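Heads up: the structure comes next, in structure tokens.
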Amino acid sequence: QVQLVESGGGLVQAGGSLRLSCAASGRTISGYAMGWFRQGPGKEREFVAGISRIAGRSHYTDRVKGRFTISRDNAKNTLYLQMNSLKPEDTAVYYCAADLTIGIPRTPEEYDYWGQGTQVTVSS
């Protein structure tokens with residue numbers, strides 16, 4: 001079992017930055033592919049970014065490419081999402097997730113473990 005706890009959300013003006021963290025416990029995340037998802041009001045949960053368990057590969061949705069960066073520190077058992085140039089449409093609850101697999105899963109159904117989410121609100 002892996003327990004995930006997100007932090008770092010908040011209210012920011014458009015154009016600003018936030019860094020989300022996802023602290024894992026229970027097991028080391030080094031054997032897991034990790035992902036960030038988000039769910040806006042009235043919307044389905046969508047893939048934002050993912051990183052392979054061997055942190056050489058990452059993938060982003062086109063909506064955040066060039067603005068967001070996913071990274072992991074296996075020694076600290078923590079996943080990060082650096083978000084720059086934030087837009088109002090980035091407003092959502094952000095979730096981290098873990099999956100014991102090779103590759104980068106991109107749908108919620110593929111992930112086994114989830115955090116409780118952290119709210120990000122971008123004002124215009």
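These numbers come from the heavy atoms of this one structure, side chains and all, not from hydrogens, waters or symmetry mates. Note that the numbering runs from 1 along the sequence shown for the chain. This structure is a prediction, so every number in the text was calculated from the model and none was measured.
When all heavy atoms of Ile29 and Ala24 are compared, the closest pair comes out as CG2-CB, 3.2 Å. Across all non-hydrogen atoms, the minimal contact from Gly31 to Leu100 is O-CD1, 3.1 Å. For the pair Gly103 and Ala33, the tightest heavy-atom approach, listed with the atom from each and the gap, is O-CB, 3.4 Å. Smallest separation of non-hydrogen atoms from Ser58 and Ile70: CB-CG2, 3.8 Å. Of all the heavy atoms in Trp36 and Leu20, the pair that sits closest is CH2-CB, 3.7 Å.
In this structure, CZ in Arg27 is found 9.5 Å from CD in Gln3, a value given to the nearest 0.5 Å. Taken from OG1 in Thr91 to CZ in Arg38, the straight-line distance is 9.0 Å, to the nearest 0.5 Å. The OG1 atom of Thr107 lies 12.0 Å from the CZ atom of Arg45; values are rounded to the nearest 0.5 Å. One finds the OG atom of Ser30 at 11.5 Å from the CG atom of Asp73 (value rounded to the nearest 0.5 Å).
For the pair Arg106 (side chain) and Gly35 (backbone), a donor-acceptor distance under 3.5 Å is absent.
Looking only at side-chain heavy atoms (C-beta outward), Leu79 and Leu4 stay at 4.5 Å or farther from each other. In this structure the side chain of Gln116 reaches within 4.5 angstrom of the side chain of Glu6, judged on heavy atoms. In this structure the side chain of Met83 never reaches within 4.5 angstrom of the side chain of Val48, judged on heavy atoms.
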Walk me through it: do Asp90 and Lys87 pass the test salt bridge (Lys or Arg N to Asp or Glu O under 4.0 Å)? CA-CA 5 Å; Asp90 295 319; Lys87 304 175 181 179; over 6 Å; no
Take Arg63 and Glu46 through the test salt bridge (Lys or Arg N to Asp or Glu O under 4.0 Å) and record every step on the way to the result. CA-CA 11 Å; Arg63 298 181 184 182; Glu46 66 169 346; 3.1 Å; yes
Please assess Glu110 against Thr101 for the test side-chain contact (heavy atoms from CB on, under 4.5 Å), listing each intermediate value before the final yes or no. CA-CA 9 Å; Glu110 295 177 272; Thr101 189; over 6 Å; no
Under the side-chain contact (heavy atoms from CB on, under 4.5 Å) criterion, do His59 and Arg57 qualify, and how do the steps go? CA-CA 7 Å; His59 182 78; Arg57 296 185 296 119; over 6 Å; no
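Follow the hydrophobic side-chain contacts under 4.5 Å out from Leu18 and you reach Leu81 in the same cluster. Taken together through direct or relayed side-chain contacts under 4.5 Å among Ile, Leu, Val, Met, Phe, Trp and Tyr, Phe68 and Val120 form part of one hydrophobic cluster. In the hydrophobic clustering of ILVMFWY residues, with side-chain heavy atoms under 4.5 Å counting as a link, Val64 and Met34 come out together. Placement of Leu11 and Val122 in two distinct hydrophobic clusters is found when ILVMFWY residues are connected by side-chain heavy-atom separations under 4.5 Å, directly or transitively.
Within a 6.0 Å radius of NZ in Lys65, more than 12 heavy atoms belonging to other residues, nucleotides or ligands are found.
Clustering of Ile, Leu, Val, Met, Phe, Trp and Tyr by side-chain heavy atoms under 4.5 Å joins Val93 with Phe37, Phe47, Tyr95, Ile104, Tyr111, Trp114.
Applying the side chain to side chain contact (heavy atoms under 4.5 Å, CB included) test to Gln82 and every residue at least two apart in sequence or in another chain returns Ser17, Arg19, Thr69, Asn84.
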